[in-house]
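Report on the following structure.
Naming convention: chains lettered A, B, ... in sequence-line order (proteins, then strands); numbering from 1 in each chain.
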Amino acid sequence: MSGDLLTLMQGSAALSGLNDTQRGAVLHSEGPLLVLAGAGSGKTRVITHRIAHLVRELQVAPWQILAVTFSNKAASEMRHRVGELLGAQAADLWLGTFHRTGLRMLRSFGQHGGLASGFTIYDRDDQKKMLKRAMAALNISDQRLKPKVVANFIDRAKNQLKGPDAVTSRDPTSALCAQVYSRYEADMKIAGAVDFGDLLMRPVQILQAEPTLMQMWSGRFKYILVDEFQDTNHAQMQLLQLLSSEHRNLCVVGDDDQSIYSWRGADVSNILDFPKRFEGARVVKLERNYRSTAQILAASGAIVSQNASRHAKTLWTDQKDGSPVHLHGSNTDLDEARWVVGRIGEARVAEPLSEMAIFYRTNSQSRVLEDALRSARIPYVVIGGLRFYDRAEVKDGLGYLKLVVNPDDTAAWLRVVNTPRRGIGKKLVERVADFAAIKQISMPEAARQLSVVKESFRGQKHLKAFTELMAQMRADVATKSADTAGVMILRHSGLIDALSQDPSIEAESRLDNLNQLVSALTDYTENHADTSLGGYLEQVSLVTDIDKLDKTVDAVSLMTMHAAKGLEFNQTFVCGLERNLMPHGNIDDEAGIEEERRLLYVAMTRARKRMYLTYARRRQRFNEVLTQTISPFLAAIPRDAMVRTGQQHQGWGAPVRGPSSRKQAWARAAQKEQKTNPPRTSEEVAIQRGPVGPFLPGSRARHVSFGEGEVLAREGHGKLARVTIRFHRVGVKKVLARFLQAL
DNA sequence: AGTCCCTTTCTTTTT
DNA sequence: GAAAGGGACT
Ligand SMILES: Nc1ncnc2c1ncn2[C@@H]1O[C@H](COP(=O)(O)OP(=O)(O)OP(=O)(O)O)[C@@H](O)[C@H]1O
């Protein structure tokens, strides 16, 4: 095929599969553009096609285009889609989350803001460690002021572009927070670390302070495109304004009805006031929904219409022949889970499991659902919740890697200095902390200096041994790639030895997780140009769990309603629709209630064909049983769009903000009785406990629900590896290693 | 001084 | 149902 013809075909591909309004947005040439439209109206498609159009037709270099998504998963999906339209050129786009974009900028010019060149990114956990230290140094009790509260305070400040000196402290608590904030920033600098908020605030601050940099970056991107714009915060908005100030080609896309992150600093007025802020902005509204049936649209639209402060919006579909939304009430959360799993069991005959998803308000709700799915032997993936990288032993392992890469990483030092036990307890750590504070140095550096001071003290030998261990590791792996370095470090850390000697069951699975960490390192080294340990750690600190979502694997997806944003499935189950859970019980103002409605709206608009809404009369939480009533939101759903089954208890139509009903652990015993699941087969137990096989092509394996087959291929490692198998009964399928047993 | 074990607390959502 | 914190034990 000639190059011209190929170009022509790909060029028209950028405009095909769009309606006239979408095409108008794609073709829009210069100046700011806002696409404001409801769920499933093809906003994301506009972005993808617009990028293709810019490169193909307007000959814009891919590296002059910045596209921002809300998750890494959304970014890789978009890169894939754009790749289909553009080919290899898609690789040169600046495409990622705001945080990744900010990081890329800081790696390029962070030293202008006084950042160490190899700075480390701290997660919430590291951040809390630093805050506790800072508070201890300031003599602020962590009972009086919870580190979590301070962390939120600092995060909000950074999202508002406010450094420690800029925060206003009206009440005593925020005054204390501000005090801790200052100290924390100093400690972070010494540790050579930044937090998530810094990835947004610092680039803006540096650009504003450095005219030469500003001049470079304000014209660096000819075109900027932003998805899910309704959930951007002030810092992100400011960054966009700086980066688009020369060319003014800023295209943002979003739906104010889907703004669900105000608690994280997102400001819906960014989208609502966009035309005011960017004079001459063109506004495009998409009104046709391509995703869902009329019933799903009617039900979800009815919910969000209840919001008094809502801006009305049209959304229509011609898919009028769908099934009604199915609302089902159960006695207990266990019954609810079993009912959902029952429906999935029926549906899987006609639908792949990967086209089904279960949504819930809080991560803790996943447990009963997981149990029920396991009993029914239905493969599933939980997105979010406890990430692999959040597991204690994995964090320990990573801690060693981090401390090798950044010798001043105080949070990592605190994590691993006495894991495994090496006689460096609280008192010794305090001593190091005091010394570090006096000398204005990091804790690892303080430990190094203390370990060789003349006047000896109790434990100095231990400190010296640890310091030397780390120095040795650093020297050993200096030039090694991430996988080799990782294996060496983990081996010398003593973590593996300690776990091997521990006879408990948990130790075994912890060891397994460390092995998976090694696999992840290998995976990384094989698939990235930058094979350094630092590169790996950077990647880890920014990945989210949503990356686990892989529709080619045959498994049901479980996730929170928040994580569901932007996704779509043929069938969805929205669970736990009860007062105090949806809307959540901690919410006490009308704005909060409206955000909960929007959250439910987001969850309900994910389904293409069928949607189930469920609730339970009793729900276990910690060790008490709550008596629940149906979510007051549901009364808004038109009767003709819905069928109801199961428990029809009172509460229907009750006011949205009512009292909570809770009973202490009255029927704990009875509940226990019910909680005992049907006995598992020995086979299933074997599969859950047994070693995860290597599943090499040609070997044989048995799957929980598909039976035996021959392995054709494998991607990834460990329990989360995706294995393609030709099953005797059901043919070729891609499944998770977690549900497989090697034969 | 360090470790072990028991109690308490957490759960709203996350880049 | 886990992880962190507090108190007793070595
Ligand atoms: N012009 C079109 N013709 C047919 N299908 C379309 C068209 N535009 C989009 N779609 C399909 O409609 C669905 C929703 O599109 P998309 O994800 O772009 O919507 P969205 O507005 O970003 O949704 P949300 O706000 O809910 O995330 C997708 O399955 C997409 O393939």
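Judged by Watson-Crick or G-U wobble contacts below 3.5 Å, the nucleotide dT13(B) has no partner. In this entry dG6(C) has dC5(B) as its Watson-Crick or G-U wobble partner, both defining distances falling under 3.5 Å.
Whole-Å rounding puts the Ile383(A) CD1 to dT13(B) P distance at 16 Å. Following rounding to the nearest Å, Phe457(A) (CZ) and dG2(B) (C1') show an atom-to-atom distance of 16 Å. For Lys426(A) and dA1(B), the NZ to C1' distance is 11 Å, given to the nearest whole Å.
Comparing dG5(C), dT3(B), dT11(B) against the side chain of Lys132(A) picks out dG5(C) as the nearest. Comparing dT13(B), dG1(C), dG2(B) against the side chain of Thr362(A) picks out dT13(B) as the nearest.
Between the side chain of Arg361(A) and the base of dT12(B) there is at least one donor-acceptor pair of N/O atoms closer than 3.5 Å.
Between dT12(B) and Asn363(A), no contact under 4.0 Å exists linking OP1 or OP2 to a side-chain N or O. The side chain of Asn418(A) places an N or O atom within less than 4.0 Å of a non-bridging phosphate oxygen (OP1 or OP2) of dT3(B).
Each of Ile424(A) and Ile260(A) lies near DNA chain B, and the nucleotide nearest Ile424(A) is the one positioned closer to the 5' end.
For His562(A) and Tyr261(A), the ring centers are positioned less than 6.0 Å apart.
No side-chain N or O of Gln238(A) forms a donor-acceptor pair with one of Gln236(A) less than 3.5 Å apart.
With respect to Lys162(A) and Glu185(A), no salt bridge is recorded, no charged nitrogen being found less than 4.0 Å from a carboxylate O.
Stacking between His562(A) and dT13(B) is absent: the ring centroid is not both under 5.5 Å from the six-membered base ring centre and under 30° in plane angle.
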- Task: I would like to know whether Glu595(A) and Arg598(A) meet salt bridge (charged side-chain N to carboxylate O under 4.0 Å, His left out); could you show each step before the answer?
- Result: CA-CA 5 Å; Glu595(A) 181 149 312; Arg598(A) 292 193 294 271; 3.3 Å; yes
